[in-house]
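To start, the structure itself, in structure tokens.
Quick note on labels: first sequence line is chain A, next is B, and so on, each numbered from 1.
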4 protein chains.
Amino acid sequence: MTDFNEKQIEILQVAEQLFAEKGFDGTSVRDIAKIANINVAMISYYFGSKEKLLEALVLYRISSFKLELENLNQENISPIQKMEKLIEFYIKRINKNKCIYQILHFEISSKKRDIDLATFTKAKNENLRLIENIVKEGQQQGLFQKNINVPLLPTIIMGSYLQFQMNAVYYKELLGLHSEAAFENYVLNDLTLHIQKTIKALLVYEN
Amino acid sequence: MTDFNEKQIEILQVAEQLFAEKGFDGTSVRDIAKIANINVAMISYYFGSKEKLLEALVLYRISSFKLELENLNQENISPIQKMEKLIEFYIKRINKNKCIYQILHFEISSKKRDIDLATFTKAKNENLRLIENIVKEGQQQGLFQKNINVPLLPTIIMGSYLQFQMNAVYYKELLGLHSEAAFENYVLNDLTLHIQKTIKALLVYEN
Amino acid sequence: MTDFNEKQIEILQVAEQLFAEKGFDGTSVRDIAKIANINVAMISYYFGSKEKLLEALVLYRISSFKLELENLNQENISPIQKMEKLIEFYIKRINKNKCIYQILHFEISSKKRDIDLATFTKAKNENLRLIENIVKEGQQQGLFQKNINVPLLPTIIMGSYLQFQMNAVYYKELLGLHSEAAFENYVLNDLTLHIQKTIKALLVYEN
Amino acid sequence: MTDFNEKQIEILQVAEQLFAEKGFDGTSVRDIAKIANINVAMISYYFGSKEKLLEALVLYRISSFKLELENLNQENISPIQKMEKLIEFYIKRINKNKCIYQILHFEISSKKRDIDLATFTKAKNENLRLIENIVKEGQQQGLFQKNINVPLLPTIIMGSYLQFQMNAVYYKELLGLHSEAAFENYVLNDLTLHIQKTIKALLVYEN
DNA sequence: GATGAATGAGTGTTCATTCAT
DNA sequence: AATGAATGAACACTCATTCAT
């Protein structure tokens, strides 16, 4: 299903970066072709159209979205530690694929684009169920509060991360993160820690 | 400075909606002209160019961004209540202006667009200072923890809200919010409450 | 007939300069209006249209084209001196009105423009007759050759002058005329002298 | 460098004629496309832009501007005959390329257009040197006067020719040249002869 | 008499896509 | 299988002009 040849993959990678940088409409197939060092016609030839290229890109990236955390529940650690691990893992993965997340973030919300996001939705649902299980376990152990709005937990994690990324310029200035590495480091440490603390507090604190 | 006539305001309103729906690049001046029921040339005539229309729109909306919460600090309520009020007020206002926030959210992150966002950044900074004051007060009263990453607090609030909005379709399905009113209601009640609880927990809970 | 009010004359003067600099098509009524510090609508209001503005300009300038050399023939000087005087006077006048000449030079040759050039043609014919008379006088006195192609005499004068003007940049470089004044000076002295010598030689020299 | 394909050449030819007829600004790419029977986009596709089309046209025509008169100096004829030959050859060539000359004539003088005219200037300079050599030879042989303003000699030739061409309508009427052929014939015979006589007289006649 | 507001037509250019090879 | 050539449609924008006031 997702068997792309070498050149197709190169196109997808270039497209991913450009779509993330300049948006779908802000990117022309010529831009992609030039950077990918291929003929303009190749995009239509390989993917059918620019829109289908986006769909292919989403498919290409989303297919690997399955959380490799299935065994998290079996691990012999506390629900709190599970949640910490999940958040860390989650942010790491989003961060590694931030381009496609950024694209999806916008093109999903765009009403006119009707990409088939079944896979993405499914991944989100699986993720949600994983969280749900951890929460339930914590509640059963009397560690977490009862009235937790579980569906909004991923919203906080994802939302905070994306908000930080989207305002990178602002935060770089504000927090004195003057290199790309410093920024990356802040995301994977401070921001991650902050989100972990936030979620933990929400789960544990009687409110 | 921001004295637009009736027709200019109509154009701005149409543009705001379309830019939010389909993005800046995804919206043509012809689209705007058609819906605003004006001649295409009017946009250049009134605003100079499409880009300047966006700038005018940002100016038009941002000029009213001053938090009317200046007196919040003087109120005789606990820091926790202050934070609750601030979050509620904040979300209400973002929600009322969600179109422009959505536009900014995207166009800010787009590297090529160089809108003058001094006003916006200033508003963000003022907002941050307001939060900072509340946190300090809470800390002095021994209510809040010491090690709070204040700059990331707005990130959680704004991020969670926007994440929810950007994935409206997903959440409507997930949470059974089948009307626009139900969704709106959920945002202003459940989501707001959830974010309030989250922030409070983070501030209060020893972690 | 050529009674223009103050504002109309200002418009005409601005238009003259811009048309000469950038051509008729290269000049927009907005350019003119901006420099003349008037409303755009004024041009249509006063002159009917941009084309009619050109016509008015031609009329305005051409009406004063009558050679004030009518009494040249009566002067008690040799035909050679008459010719010298005529050339000097001729170049001086063209040079003073070089803008309109440049415009006419181009717009006349342009096939689509159908300006009424009766006055201009008349002036050219009168000028030609004047030359013809001098030549005849010179021939009767045995000073000039018999086989002079009189209609081509103004061609040499006008052509040489205009060629020099149109290639001002090239000649400034070639002849080291680094200021506007130096160029002007060269035209009124060296170039004039050169054309005088040329015409005289042609008239006198047996060839 | 100047390797244009068949269609590009056709576009260049159409553009040349239209630019000469109606000026650069007076000609739209749609005019060109319509007559050349091609798509409007082809002009941008082939040449990049309308301005670059003009540049390409200049390049295309100018590259063949080298005078094939290099061996004129070696010929065993008098300087007078050399000058006659040069003028005849010169006018013939200008006349054959009158369109591009007409275009250059105007677009050069237009201050805003900054075409690279190095080649053209070089050709003019080479031409000037050729004339200079003939004049020197004539002076050494005692045939020509000493005080000849050589740089203004091409001005007379070129200027007279162009003045005649630009006022074709006037001269056709004046000289009774009622067909294109008659006009062409007049240029290549009478006008050429007249210019030859003029230059010769100027060179030889003590003045 | 004079003008700001407004407009339809036209500008050069870029777009994603198609097609013959 | 792959591509250079080509295209119609759309793009943002400027144009000269009109018209209500």
Side-chain angles (χ1 to χ4, degrees), chain A residues 5-8 11 15 24-34 37-54, chain B residues 5-8 11 24-34 36-54, chain C residues 5 7-8 11 15 24-34 37-54, chain D residues 5-8 11 15 24-34 36-54:
Chain A
N5 66 38
E6 223 172 283
K7 250 180 196 167
Q8 283 177 303
I11 295 171
F24 180 78
D25 291 307
T27 306
S28 78
V29 292
R30 268 168 188 75
D31 293 340
I32 299 169
K34 192 175 284 174
N37 222 31
I38 49 135
N39 189 283
V40 216
M42 294 244 43
I43 286 159
S44 289
Y45 176 65
Y46 272 141
F47 299 97
S49 71
K50 190 189 172 189
E51 281 232 307
K52 279 181 190 153
L53 166 63
L54 176 59
Chain B
N5 65 39
E6 226 172 279
K7 259 195 184 150
Q8 282 177 303
I11 295 173
F24 180 78
D25 290 309
T27 306
S28 79
V29 292
R30 274 170 185 75
D31 293 340
I32 299 169
K34 193 174 283 174
N37 221 34
I38 49 136
N39 189 284
V40 217
M42 294 255 45
I43 285 159
S44 287
Y45 176 65
Y46 273 141
F47 299 97
S49 70
K50 190 189 172 189
E51 280 230 307
K52 279 183 190 151
L53 167 61
L54 175 59
Chain C
N5 66 38
K7 250 180 196 168
Q8 283 177 303
I11 295 172
F24 180 78
D25 290 307
T27 306
S28 77
V29 291
R30 268 169 189 75
D31 293 341
I32 299 169
K34 192 174 282 174
N37 222 33
I38 49 136
N39 189 283
V40 216
M42 295 244 39
I43 286 159
S44 288
Y45 177 65
Y46 272 141
F47 300 98
S49 71
K50 190 187 171 189
E51 281 231 307
K52 278 181 191 153
L53 166 63
L54 175 59
Chain D
N5 66 37
E6 225 172 280
K7 263 202 180 142
Q8 283 177 304
I11 295 172
F24 180 77
D25 290 310
T27 305
S28 78
V29 292
R30 275 170 181 78
D31 293 341
I32 298 169
K34 193 174 282 174
N37 221 34
I38 49 136
N39 189 285
V40 216
M42 294 254 45
I43 286 159
S44 287
Y45 176 66
Y46 272 141
F47 300 97
S49 70
K50 189 188 172 190
E51 280 230 306
K52 279 182 190 151
L53 166 62
L54 175 59

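Remark: P of E:dT11 and CG of D:Asp31 are 6 Å apart, rounded to the nearest angstrom. Rounded to a whole Å, the NZ atom of B:Lys34 is 16 Å from the C1' atom of F:dA12. Rounded to whole angstrom, the span from the CG atom of B:Asn37 across to the C1' atom of E:dA5 amounts to 17 Å. Note: CD1 (D:Ile32) to C1' (E:dT11) measures 13 Å, nearest angstrom. The CD-P distance, from B:Gln8 to E:dG4, rounds to 15 Å in whole Å. Computed from coordinates, the D:Glu6 CD to F:dA5 C1' distance equals 14 Å when rounded to whole Å. One interatomic measurement links the two molecules: CG of B:Leu54 to P of F:dC13, which rounds to 12 Å at whole-angstrom precision. Atoms NZ (B:Lys52) and C1' (F:dC13) sit 12 Å apart, rounded to a whole Å.
At the heavy-atom level, C:Phe47 lies nowhere under 4.0 Å from the strands shown.
Of the residues near DNA chain F, A:Asn5 and D:Ile38, the one whose nearest nucleotide (by heavy atom distance) lies more toward the 5' end is A:Asn5. With the nearest nucleotide of DNA chain F identified for both D:Lys7 and B:Ile43, D:Lys7 has the one nearer the 5' end. Remark on DNA chain E: of its neighbouring residues A:Val29 and D:Ser49, the 5'-side contact belongs to D:Ser49, judged by nearest-heavy-atom nucleotide.
Side chain D:Arg30 to base E:dG10: no donor-acceptor pair is found below 3.5 Å.
Taking only side-chain atoms of D:Lys50, from C-beta outward, the nucleotide of E:dT13, E:dC15, F:dG4 with the closest atom is E:dT13. Nearest to the side chain of B:Met42, among E:dT7, F:dT17, E:dT17, sits E:dT7.
Side-chain N or O atoms of A:Lys34 include none that pairs as donor or acceptor with a backbone N or O of A:Val40 at under 3.5 Å.
Listed pair C:Ser44 / F:dA16 fails the phosphate criterion, with no side-chain N or O lying under 4.0 Å from OP1 or OP2. Distances shown here put a side-chain N or O of B:Asn39 below 4.0 Å from the OP1 or OP2 atom of E:dG8. In this structure, B:Tyr45 does not reach the E:dT7 phosphate: none of its side-chain N or O atoms is under 4.0 Å from OP1 or OP2. Close to F:dC11, at under 4.0 Å from its OP1 or OP2, lies a side-chain N or O of B:Ser28.
Atoms CE and CD, on A:Met42 and A:Gln8 in that order, are 7.5 Å from each other to the nearest 0.5 Å. Atom CD1 of C:Ile11 is separated from atom CD1 of C:Ile38 by 3.5 Å, given to the nearest 0.5 angstrom.
When side chains are defined from C-beta on, C:Asn5 counts as touching C:Tyr46, because their heavy atoms get closer than 4.5 Å. Two residues are said to be in side-chain contact when any heavy atoms from C-beta on lie closer than 4.5 Å; A:Leu54 and A:Phe47 fail this criterion. For the pair A:Leu53 and A:Val29, the minimum side-chain heavy-atom distance is 4.5 Å or more.
Using Watson-Crick or G-U wobble geometry with both donor-acceptor distances under 3.5 Å, F:dA20 finds its partner in E:dT3. Pair assignment for E:dG8: F:dC15, on the basis of Watson-Crick or G-U wobble contacts that are both within less than 3.5 Å.
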